[in-house]
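Every number for a ligand or one of its atoms is a count from 1 in the order of the listing. Only a predicted model underlies this, so the values are computations on that prediction, with no experimental measurement involved. These values consider heavy atoms only, across backbone and side chains, with no hydrogens, waters or symmetry-generated copies.
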Amino acid sequence: MDAKTSRYNAVNGTTKTKVTAIPGDGIGPEVVRAVQRILAAAGAQIDWEEAEAGAEVFKRGIASGAPQETLDSIARNGIVLKGPLETPVGYGEKSANVTLRKFFELYGNIRPVRELPGIRTPFSGRGIDMVIVRENVEDLYTGIEHMQTAGAAQCLKLITEPGSERILRLAAALTLAEGRHKLTCATKANIMKFTEGMMKRVFERIMPDYPAIEPSHMIIDNCAHQMVIAPEQFDVVVATNMNGDIISDLAAGLVGGLGVAPSSNIGDHAAMFEAVHGSAPQIAGKDLANPTALLLSAVMMLRHIGDFAAAEKVEQALLVTLEEGKNLTGDIAPKGTGVGTTAYTDQVIANLGRTSGYASRDYKALTLAEWPKGVWHRAPTERLVMGLDVFIESGALPAELAASLQAAAEGTGFGLKMIENRGVQVWPALSGQPFLVDLFRCRFLLDGPADSAEPAIAKLMAAIGAKHHWMHVEKLQRFDGKDGYTKAQGEN
Ligand code: NAP
């Protein structure tokens, strides 16, 4: 590799790339060492910078699980090979993995799913070869949760237009870089029209920029079904965070499970490569761990930094080892023939330079358009405030609550339009038998002109607050003639 081809931290005067290595917890140090040995034997030009994260760091009282020196190392090098990290019970609320993903805005989680030789599954022989691209920082994983009442919890599903656009463009760039042709966007846009629908709309808007790619949209539940029925139809699949989390594990299960599943977490300024499995504490320190998943992650890393030759050499040696089935770790070896991590690593090293019967792809560098700095903001030409949804805790029946709220709204400029409970209108009453809990969404519409909204809101909230517990308020806005809010089930 020419140092100039790498956008990462080349070591002065050499063609080496500096990479932050985080051994992590449990089997992490064993699999990281095994991979480092194989990469060195393959001649990969890497200068490792070791950094700490995980259980021991939490125990020292660092609540993020990653000390400043580790964050500095990642910021400097922009590339990380990471072992699994544990959050010990009783230390910190947040996982160190999530901290690293969010801190470095690693918005794209890439999970290749390919049938491997010698790993028998009920799907063997079907030619499964796909990549799942999962949005990695938005959606329900923003971690914004609130107890609304003592017995009702809420989690915010946040999907943004730029967040959707950059993951979709990453998925498209990856499709081209790997010489693939089909990109499926899987969403639940039929139910969540604004959030999941955002991903679908942006997909439809940007795909004409990629004429070499055949785009398709699939409802996520059908996508899960199709993945089991006919997994060979998929090439690249892109999804929002939660849906992507589920289908990427499902897809990994088709080709041998999490133990052999690699992944990368890609951002504009850093990329982190890791196995999908955890720290497997039961087998830690016993020379039993299988380093395959981390090795495949390291192959992704070599391609990411532009060292295609080393990536190919390591991948072929691994495929030959799996094909021949000699000296495999116990989890994948034929019964009674398993060896330890060290012997398996030695076998892969012995196979360096050999070529498997497995066709290689013609990988190209993944080029990402850097997102402009600063706050993304697109002001609408017209914005109207139409009303207010007020979330109220109450043990009263809907008719009683409505009477109280109508009285409170009098003279404020707002009128009560409807009350719903868990998405279903309960006042004015509809037929049916609603199941009621103590959290009501009460919709008020502005009677007067939209520009009088702010003083009217202050009046309405003061009147409601004098009589009721309210938790939060959502403005009902119309952007450029389009309502920015949904109707309750049954609402006209
Ligand atoms: P796990 O560590 O993936 O282990 C589950 C089981 O899978 C192990 O007991 C072992 O089975 C097998 N296994 C996993 N990786 C293996 C490997 N490389 N070689 C051989 N066998 C392997 O899942 P977990 O027990 O749910 O999680 C343990 C800890 O890891 C937790 O603290 C969790 O939070 C953390 N975790 C971290 C990450 C990450 O850092 N990205 C991801 C997931 C979990 P046998 O016992 O049958 O040998």
Q: Does Val276 have a heavy atom less than 4.0 Å from any atom of ligand 1?
A: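 Judged by the 4.0 Å heavy-atom criterion, Val276 does count as contacting ligand 1.
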Q: If you take all heavy atoms of Phe104 and Leu71, which pair is closest and at what distance?
A: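 That closest heavy-atom pairing would be CZ-O, 3.3 Å.
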Q: Does Asp331 have a non-hydrogen atom less than 4.0 Å from ligand 1?
A: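 Judged by the 4.0 Å heavy-atom criterion, Asp331 does count as contacting ligand 1.
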Q: Do Arg101 and ligand 1 have an N or O pair less than 3.5 Å apart?
A: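 For ligand 1, there is no N or O atom that lies under 3.5 Å from one belonging to Arg101.
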Q: Return the closest protein heavy atom for atom 10 (C) of ligand 1 as residue, atom name and distance.
A: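 The closest heavy atom on the protein side is Ala280 CB, 4.2 Å.
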Q: Is there a donor-acceptor contact under 3.5 Å from the side chain of Asp25 to the main chain of Ala55?
A: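 Checking the backbone N and O of Ala55 against the side chain of Asp25, a donor-acceptor pair under 3.5 Å is found.
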Q: Nearest to atom 35 (C) of ligand 1, what protein heavy atom do you find, and at what distance?
A: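 Checked against all protein heavy atoms, atom 35 (C) of ligand 1 sits closest to Leu85 O, 3.6 Å.
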Q: For atom 25 (O) of ligand 1, what is the closest protein heavy atom, and at what distance to 0.1 Å?
A: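 Going atom by atom, the protein heavy atom closest to atom 25 (O) of ligand 1 ends up being Pro281 CD, 4.6 Å.
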Q: Tell me which protein heavy atom sits closest to atom 30 (O) of ligand 1, plus the residue, atom name and distance to 0.1 Å.
A: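 Of the protein heavy atoms, Ser279 N, 2.9 Å lies nearest.
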Q: Checking contacts here: is it the side chain or the backbone of Asn290 that comes within 4.0 Å of ligand 1, counting heavy atoms only? Could be both or neither.
A: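 Near ligand 1, Asn290 shows its backbone as well as its side chain.
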Q: Looking only at protein heavy atoms, which one is nearest to atom 16 (C) of ligand 1, and what is the separation?
A: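 Checking every protein heavy atom, the shortest distance to atom 16 (C) of ligand 1 gives Ile27 CD1, 4.0 Å.
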Q: In terms of residue, atom name and distance, what is the protein heavy atom nearest to atom 32 (O) of ligand 1?
A: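 Among all protein heavy atoms, the one nearest atom 32 (O) of ligand 1 is Glu86 CG, 3.3 Å.
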Q: What residue and atom, counting heavy atoms only, is the protein's closest point to atom 15 (N) of ligand 1, and at what distance?
A: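 The closest one turns out to be His277 CG, 3.3 Å.
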Q: What part of Leu258 sits under 4.0 Å from ligand 1 if we count only heavy atoms: the side chain, the backbone, both or neither?
A: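 No part of Leu258 comes within reach of ligand 1.
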Q: Which residue holds the protein heavy atom closest to atom 45 (P) of ligand 1, what is that atom called, and what is the gap in Å?
A: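 Ranking protein heavy atoms by distance from atom 45 (P) of ligand 1, first comes Ile283 CG2, 4.7 Å.
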Q: Below 4.0 Å from ligand 1: does a non-hydrogen atom of Asn97 turn up there or not?
A: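 Yes; Asn97 lies near enough to ligand 1 that a heavy-atom distance drops under 4.0 Å.
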Q: Side chain or backbone of Gln282 under 4.0 Å from ligand 1, or both, or neither, by non-hydrogen atoms?
A: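 For Gln282, only side-chain atoms sit under 4.0 Å from ligand 1.
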Q: Take every heavy atom of Gly259, measure it against each atom of ligand 1, and state whether any distance is under 4.0 Å.
A: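 Per 4.0 Å heavy-atom rule, Gly259 does not contact ligand 1.
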Q: Could you grab the distance from atom CD of Glu274 to atom CG of Leu81, nearest 0.5 Å is fine?
A: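 Going from the CD atom of Glu274 to the CG atom of Leu81 covers 9.5 Å.
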Q: Return a yes/no value: protein heavy atom under 4.0 Å from atom 3 (O) of ligand 1?
A: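 Within 4.0 Å: yes, protein heavy atom nearby.
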Q: Counting only N and O atoms by type, is there a donor-acceptor contact under 3.5 Å from the side chain of Glu30 to the main-chain atoms of Asp287?
A: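 Looks like yes, one N/O pair under 3.5 Å.
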Q: Considering distance alone, does some N or O of Gly278 sit under 3.5 Å from an N or O of ligand 1?
A: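 Min N/O separation from ligand 1 is below 3.5 Å for Gly278.
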